[in-house]
Q: 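One structure coming up, written as structure tokens, with questions to follow.
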Amino acid sequence: MAGKSALDPSHRMLRVYAFDPSRGARLGNRLTIRVPYEKLAKGPVGSKIAVIDYDASNDCYYEAVDLDDGRILGQNGLAPSESSPQFHQQMVYAVVMDTIRRFEFALGRKVTWYPDTRPKDQPFHSKLRIYPHAFQEANAFYDRKLRALLFGYFKASEEEAGSNLPGQIVFTCLSHDIIVHETTHAVLDGIRPYFAEPTSADAAAFHEGFADIIALLQHFSFKETLLDTIQRTGGLIHRRQLAPDVAADRDGALIQAEAGEDNPIVDLARQFGEAMGHRKALRSALGTRPDPRVLENATEPHERGAILVAAVFDAFFSVYINRTRDLIRIAYPDGRAIVPNFLHADLANRLAEDAAKTANTIQNMCLRALDYCPPVDINFGDFLRAIITADRDAVSDDSFGWRAAMINAFRARGIRPEGVISYSEDALSWDAYEGVEATKVNPDFKKLFKRLNEFEENPGTDEEKQLYKTLWAKADTFAMELGLDPSLQLAAKSLNPLHQIGADGSLKRRIVAEVVQSREGEAIDPNNPAAGTFTFRGGTTVLIKASGEVQYSISKPIHGEGGKRRLNQQRDHLMRMADSFALAPYVDFDHEDQNPFRAVHRGY
């Protein structure tokens, strides 16, 4: 594969389904998206991902698409088609690359995958592999061991097929939502590999909820997909139902133009859900009415993750309403109720622009927060604190109430962060680091940027691993200041320079590092050796300014009273999991040869 030349374009335009094929060619379902340009081999195979169209159920390969073919390149890729394997390959490549682009923009660094331990001469080494037609099954999942996204295909229900034909073949690789959801799992596993461990009820729920949040927010980030919904909801994009094109005659026959329909942008994986006989989309951005007691009894990961999704989208919709209140007042100066289909085209366009900008900002808030989370034992309260701290670092002024909306939404859903005295911004933000000065310890953080820049373009190399070893060789000299146990070995899991654009347009440079400690062989039940053992981990995320000053040290202790409390909580959770049939797929997260995502995503 040839490298990029100065004459190459910066982006490649590719056509995809905005939702899935069940919505046909109607307005907003066929979308052209921009992905970073790179020279591609057939597959497509690029620098980060490799699409491999092998069908294990039929033991065959489908002909690979060549997106660099001038006939395809010149028309923004192949036209959307349910029947063309080559379009399927194009769609997964385009959506995965668009999702990666969003992560990299928000984080200010390149995405890396879970480490590839195979020999370097193996095909597609270090790339995320994508199989659009992996098997015949109503499933799609990320596989850590294969370093792959696997998409299934299946026959729709014969009885309740929804908008599909009974028995129709449904391809999960044509669902924009499912592709983004699975890509998010893969990226999150590369950034925070220990988030998949069953440390609490929130751990697996966070993986599922976060993947749904990113998938659903992308619905709202494309202005083209919003216009019809805005017209048919009078600008209230959170409404579940779209108004019909015309009001129905009370006494006459009903035609399709008089029938309302569900709002597609608040739903996730509609075709999949209907094809399975659910009569509706698989999940929704809209939860039940806020009730802090619901979280206490929700244990199944998708169910619990839906509470996190509902909190984020409550904040998103609230900010959008506040941002557009003046436009609505201009449109309806007499104060009468909003009537769908009466919005002027210019007003609908402005509302769509505001909704898309709001969605992109909320998505960036959620993505940036990942670097402000502890490296192990994530819970919803940690995520809220990370969102607030990261956003305060990026934007000091909260005049539109982004952070206030997020805090209110999490509070209404019963998400209570540990170790805070109130829901104020000051209380929720992580405490500033007050440990040993950087100049008095080893590693010398002031020298990090120069050394790290040498390896930015080629992460994961042996040279970078040696850099880890050099920089952290004497980290035990200040382990206590980072909330770590001086008696346990330190493992530097990541060390990344961040390059982020501030609200004022300035470039902010920082380093984010993770240090993890592990204790093998902890008994799940000290009174019952037959219950087995697990690995108990603690760790710290360290955020370092360009000056070498440590800004935040975000810890989950493995020792002391905090470590004992966490150990007991994790034991209680593992014992509850062992006794629960519904949670059985999550029990083996500690074993790398197991793939919990497959079991959890069966039936999606």
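For the numbers below, each heavy atom of this structure counts, side chains included, while hydrogens, waters and symmetry mates do not. Positions are given from 1, in the same order as the sequence printed here.
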Q: Can you check whether Y54 and Y131 have ring centres sitting under 6.0 Å from each other?
A: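 Not close enough - the centres of the two rings lie 6.0 Å or further apart.
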
Q: With no hydrogens and no angle check, is any side-chain donor or acceptor of N29 less than 3.5 Å from a backbone partner on F19?
A: yes

Q: With the threshold set at 4.0 Å, does a side-chain nitrogen-carboxylate oxygen contact exist between D143 and K145?
A: no

Q: D68 pairs by salt bridge (charged side-chain N to carboxylate O under 4.0 Å, His left out) with which of R12, K39, K42?
A: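 By the salt bridge (charged side-chain N to carboxylate O under 4.0 Å, His left out) criterion, D68 pairs with just one of R12, K39, K42: R12.
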
Q: If you count the non-hydrogen atoms of other residues, nucleotides and ligands that lie under 6.0 Å from CZ in F105, is the total more than 12?
A: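 Atom CZ in F105 is not crowded, with 12 or fewer foreign heavy atoms closer than 6.0 Å.
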
Q: Flag this pair as yes if the NZ/CZ of R240 is under 6.0 angstrom from the six-membered ring centre of F313 and inside a 45 degree cone about the axis; otherwise no.
A: no

Q: Sequence neighbours left out, what passes salt bridge (Lys or Arg N to Asp or Glu O under 4.0 Å) with R323? Give chain and number order.
A: D354

Q: What I want to check is whether the side chains of D346 and N349 have a donor and an acceptor closer together than 3.5 Å.
A: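 There is no such pair between these side chains.
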
Q: Between R34 and S10, does any side-chain donor sit less than 3.5 Å from a side-chain acceptor?
A: no

Q: So, using side chain to side chain donor-acceptor pair (under 3.5 Å) as the criterion, who are the partners of S284 when residues are at least two apart?
A: none

Q: Taking the side chain from K223 and the backbone from A356, do they hold a donor-acceptor pair closer than 3.5 Å?
A: no

Q: Please list, chain by chain and in numerical order, all residues satisfying ring pair (Phe, Tyr, Trp, His ring centres under 6.0 Å) with F171, sequence neighbours excluded.
A: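 Partners of F171 by the ring pair (Phe, Tyr, Trp, His ring centres under 6.0 Å) criterion, ordered by chain and then number, come out as H88, H133, Y153.
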
Q: Is it the case that atom CD in E63 sees more than 12 heavy atoms from other parts of the structure closer than 6.0 Å?
A: no

Q: For a salt bridge (charged side-chain N to carboxylate O under 4.0 Å, His left out) check, start with the C-alpha distance between D116 and R118, then their side-chain angles and the critical distance, and finish with the verdict.
A: CA-CA 6 Å; D116 192 345; R118 298 173 304 152; 3.0 Å; yes

Q: Keeping the roles fixed (side chain from S57, backbone from Q136), state whether a donor-acceptor pair exists under 3.5 Å.
A: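 Yes.
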
